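Inspection log for the structure reproduced underneath, given as structure tokens.
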Amino acid sequence: MYENILIAIAWPYANADIHVGNITGSHLPGDIVARYHRLKGNKVLMVSGSDSHGTAITIKADQTGQTPHEIYSHYHPRFVELFQRLGIGYDLFTSTHTENHFSIAQKVFLSLLENGYLNKQVSKQWYSPALQRFLPDRYVEGTCYFCGNEAARSDQCEQCGNELEAEKLINPRSKVDGSTPELKETEHFFLDLSTLEPKIQEFLNEREDYWRPNVLRQSLGTIQSVGLKPTSVTRDLEWGIPVPLEGWEGKCLYVWFEAVMGYLSSSVEWGNLNDQADVWRDWWTNQEAKSLYFIGKDNITFHAVTWPAELLGMGDDFDRRMENPSPKPLVLPYDVPANEFMNLEGKKISGSHNWAVWGLDALDRYDSDPLRYYLTVAMPENRDSDWDWEDFFQRNNNELVATWGNLVNRVLSFTWKHFEGKIPNPTELRESDLELLEAIKAGFESVGNRIERVELKAALAEAMRLASEVNKYLDVHAPWFEIKTDRAEAEKSLYTAIQAIVWLKIMFAPFLPNTCEKLHQILDSKTPLFGRPFTREISDSLGSHLVLSLDHEDSLAKEGSNFWVAQELVGDMPFNQPEVLFKKLDHSIVEEERNRLGNPTA
Ligand SMILES: [Zn+2]
């Protein structure tokens, strides 16, 4: 009855801090869905890590005169700090610069080679005559031949999302010194996507009825328009995972080819860290398991086409290399609910122009749940969205505080004061009490179904609608007036309202884990809802790396027990003195925050 759910979240490049667009694009939606499934008692594994390789890092290193490892070592712990403070509950947030990931990625490479899906080809790569070395794709920019974007990366256009072929790039130039690079012959391995195309087509067709239209459009569109072509998976670059073959020294696995393997390698690492070396197979070779990939729209091709191609191409050879005597093929993505982009005050977020709301910076001024609330209501699920400080202010005060926070606060404070800190224990409920409770109880299904379909904005709106229903009920059955004439009536109203709050606490918990945990404690629950995050430093042959994990031991939301259900509130139970869950903001923050934003034209 319980399911195995893998929550695979896009690996952030360790070359810049994480901003609200990254959070709402992948980390937060993944966390919400993971928390929901944990409350349901499903066996959840939520993984990601720092993408420490590739030219996004080496460019930054060249710019700042540091080594790529120093760049990665600066940002990686900041990611870990952000996720802890924002309540992004990774079972494992690790890194691609680990002995484990190197080993898994090299096994994947060898499996694909063994099965005949990697072919050597001499191709042309950018070469700088001035520097006398090959230039990674990212070092070269030019004009996109699909959309005309003049600042397109030579391998992928960020504006239209298309992968680009170097030969066709218009007006190429080197980002190192502005000189014009030339294309020079070099030998590389290519993943034979054209042979795998029918299988990928079938994989996509099987998911046609429930995938987001934009994800299908982009992945099927490429197949239908131009067909899949072999794509190079190695690079002339020192910083990365070496090609595990003799004679290939100085070349490494292409960062996109190996970074997507992180979902697999981090699952293996998590098992090893927990002395369960085989447990990764519960999600990876169990065809009943569901894997959901939370990414932004710029990564759709790599997750809906390239990564499935790698998985299909490996067949059961990878499991065999992991020493399974009866090896099985790996599980293909169940869903890739890619988000669109979040803009900021009507303009595209730009880290380099400081036109961004940075996660850690925002957490210095706001609590995590108000940020998570706004990042969910403004989540770019089906179209680009906008972070607007006025809207943030309004949503916080008029929805989070007014509808949910005040409901909890006035009901619990009043009960605390008039019923000696105990839940009232009415003899019998009225028709209208039972009606309200039926309506709220239905939320376990209506909110839950929406989360399962990854319609998170709708799910949160539904929970908020139910909270409004309780407020409407209290407008009619105002216990603060009832108590003056008939204490028994007030008991019924308060018991009913607290029962509704207890259920809403569960429904809001995936979205607002920190305040729901606080409410859970106020209601005197001894065991926390969710696990406790902790970090540790792991040493290996490449040095050491910090990992973020979650200890589920002392928590309700874990494998094998369903708390996403309407549990009956016991009357006469003592509870703890209520405290305010959400703060009302002053309108002055809108102007203050807008003044912080950098000038994008500067
Ligand atoms: Zn383009």
Side-chain angles (χ1 to χ4, degrees), residues 10 12-13 15-16 19 21-22 25-26 51 54-56 59 123-126 135-176 178 180-183 191 193-194 200 204 212-233 235 254-257 259-260 295-307 309 336 338-344 346-353 355-356 380 382-386 600-601:
Y13 271 128
N15 73 332
H19 57 63
N22 311 129
S26 55
D51 186 345
T55 48
I59 286 178
S123 68
K124 289 177 177 169
Q125 286 284 315
W126 296 111
L135 293 176
D137 291 341
R138 281 279 208 121
Y139 277 63
V140 179
E141 61 179 18
T143 304
C144 170
Y145 52 88
F146 284 105
C147 74
N149 172 21
E150 289 182 7
R153 279 156 35 187
S154 74
D155 59 341
Q156 194 196 14
C157 173
E158 277 177 322
Q159 188 161 291
C160 67
N162 281 300
E163 285 181 67
L164 301 179
E165 289 173 58
E167 279 103 82
K168 294 191 188 167
L169 188 74
I170 302 159
N171 187 26
R173 60 198 174 275
S174 161
K175 285 170 85 168
V176 182
T180 304
E182 56 190 41
L183 287 164
L191 178 63
L193 288 175
S194 39
I200 296 165
L204 291 169
R212 287 186 182 171
N214 59 332
V215 181
L216 281 168
R217 203 162 44 235
Q218 224 190 89
S219 36
L220 280 169
T222 317
I223 296 179
Q224 282 153 5
S225 60
V226 286
L228 297 179
K229 300 204 169 50
T231 181
S232 67
V233 298
R235 288 289 185 273
Y254 175 42
V255 65
W256 267 113
F257 176 67
V260 289
I295 60 164
K297 66 176 164 187
D298 52 334
N299 292 348
I300 289 173
T301 308
F302 288 106
H303 289 81
V305 175
T306 318
W307 177 232
V336 183
N339 274 335
E340 307 283 311
F341 290 152
M342 173 178 265
N343 295 316
L344 171 57
K347 288 177 206 155
K348 199 179 155 141
I349 291 177
S350 165
S352 53
H353 294 113
W355 191 261
N382 293 303
R383 61 186 67 85
D384 287 354
S385 66
D386 194 41
T601 56

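Everything numeric in this text was worked out from a predicted model, so none of it was measured. Order of appearance sets the numbers: ligands from 1, and atoms from 1 within every ligand.
- Around CD of E182, the count of heavy atoms belonging to other residues, nucleotides or ligands within 6.0 Å exceeds 12.
- Side-chain atoms of N22 and Y13 include no donor-acceptor pair closer than 3.5 Å.
- Within a radius of less than 2.8 Å around the Zn ion (ligand 1), the protein N, O or S atoms are C144 SG, C147 SG, C157 SG, C160 SG.
- There is no side-chain donor-acceptor pair under 3.5 Å between N149 and E158.
- The shortest side-chain heavy-atom distance between Y145 and N162 does not fall under the 4.5 Å cut-off.
- Annotation: side chain of L191 is not in contact with side chain of K229 (no heavy-atom distance under 4.5 Å).
- Side-chain atoms of N214 and R383 include no donor-acceptor pair closer than 3.5 Å.
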